[in-house]
Amino acid sequence: QVQLVESGGGLVQPGGSLTLSCAPSGRIYIAYDMRWYRQAPGKQRELVADITERGAADYADSVKGRFTISRDNAKKTVYLQMNALKPEDTAVYYCNINLREYTFNIATDYWGQGTQVTVSS
């Protein structure tokens with residue numbers, strides 16, 4: 001079964017940068033929409049960024065101009081470049097990929113395990 005493996009989280013100072021990566025552990029046939037969500041303590045999970053199969057991207061207003069979502073279609077990997085980080089960006093970040101496996105011809109959502117991003121001085 002496909003697993004999404006996240007990396008890149010950590011502790012950074014305000015104004016710092018981090019890049020998150022999310023890659024499938026196995027081969028997949030097609031990756032459709034790729035997304036990044038985050039969930040801060042005591043808050044609901046929110047959509048941070050989305051990128052379609054064709055590369056069209058959308059962002060939450062709170063991160064526009066600071067975050068960039070991108071994808072590598074050969075590796076079926078999604079990235080989130082985060083710049084000018086603020087304390088309010090502190091959250092667990094989850095990737096989500098709607099994908100189709102070679103052995104199962106139905107598109108299915110998969111989730112990463114989550115990676116902690118902490119922005120603090």
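Ser121 and Gln13 share no side-chain donor-acceptor pair at under 3.5 Å. If you check the side chains of Tyr93 and Arg38, you find a donor sitting under 3.5 Å from an acceptor.
Residues forming a ring pair (Phe, Tyr, Trp, His ring centres under 6.0 Å) with Tyr37 (at least two apart in sequence, or on another chain): Trp111. For the ring pair (Phe, Tyr, Trp, His ring centres under 6.0 Å) test, no residue two or more places apart in sequence or in another chain qualifies with Phe104. Shown here are the side-chain hydrogen bond (donor to acceptor under 3.5 Å, both in side chains) partners of Asp61, two or more places apart in sequence or in another chain: Lys64. In terms of the salt bridge (charged side-chain N to carboxylate O under 4.0 Å, His left out) criterion, residue partners of Asp33 (sequence neighbours excluded) are, by chain and number, Arg35.
Val78 and Val2 fall within the same hydrophobic cluster, where Ile, Leu, Val, Met, Phe, Trp and Tyr residues are linked whenever their side-chain heavy atoms come under 4.5 Å apart, directly or through other members. Both Tyr59 and Trp36 are part of a single hydrophobic cluster, where members link through side-chain heavy atoms under 4.5 Å apart. Placement of Met82 and Tyr79 in two distinct hydrophobic clusters is found when ILVMFWY residues are connected by side-chain heavy-atom separations under 4.5 Å, directly or transitively. Residues Leu18 and Val92 are members of separate hydrophobic clusters, defined by side-chain heavy-atom contacts under 4.5 angstrom among Ile, Leu, Val, Met, Phe, Trp and Tyr. Clustering ILVMFWY residues whenever any of their side-chain heavy atoms sit less than 4.5 angstrom apart, transitively, puts Tyr110 in a cluster other than the one holding Tyr102.
Identified under the salt bridge (charged side-chain N to carboxylate O under 4.0 Å, His left out) test for residues 68-77, with sequence neighbours left out: none. Residue pairs that meet the disulfide bond (SG atoms under 2.5 Å apart) test with at least one member in residues 85-119, sequence neighbours left out, are Cys22-Cys95.
The shortest side-chain heavy-atom distance between Ser120 and Leu11 falls under the 4.5 Å cut-off. A 4.5 Å side-chain heavy-atom check between Glu53 and Asn73 finds every atom pair outside the cut-off. In this structure, Arg100 and Asn105 have side chains that are in contact, with non-hydrogen atoms separated by less than 4.5 Å.
One distance of note links CG of Leu99 with CG of Asp109; it measures 8.0 Å at 0.5 Å rounding. Atoms CG and CG, on Leu85 and Asn83 in that order, are 7.5 Å from each other to the nearest 0.5 Å. To the nearest 0.5 Å, the span separating CG on Asp58 from CG on Leu47 amounts to 7.5 Å. The line from CG of Leu80 to OG of Ser70 is 8.5 Å long, rounded to the nearest 0.5 Å. For the atom pair CG of Asp89 and OG1 of Thr118, the computed distance is 11.0 Å after rounding to the nearest 0.5 Å. Ile97 contributes atom CD1, which lies 13.5 Å from atom CD1 of Ile30 (distance to the nearest 0.5 angstrom).
Of all heavy-atom pairs spanning Leu20 and Gly9, the tightest one is CD2-N, 3.6 Å. Closest non-hydrogen pair, Gln81 versus Ser17, comes out as NE2-CB, 4.0 Å.
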Please test Lys86 against Val119 for side chain to side chain contact (heavy atoms under 4.5 Å, CB included), starting from the C-alpha separation and ending with a verdict. CA-CA 6 Å; Lys86 305 174 181 179; Val119 185; 5.5 Å; no
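In this structure, Arg45 is positioned above the aromatic face of Tyr94, its NZ or CZ under 6.0 Å from the six-membered ring centre and within 45° of the axis.
Atom CD of Gln3 sits in a sparse spot, with 12 or fewer heavy atoms from other residues, nucleotides or ligands closer than 6.0 Å. For Tyr29, the OH atom sits in a loose shell: 12 or fewer heavy atoms of surrounding residues, nucleotides or ligands are nearer than 6.0 Å. Other residues, nucleotides and ligands contribute over 12 non-hydrogen atoms within 6.0 Å of the CD atom of Glu88.
Remark: the backbone N or O of Ser21 is not paired with any side-chain donor or acceptor of Glu6 at under 3.5 angstrom.
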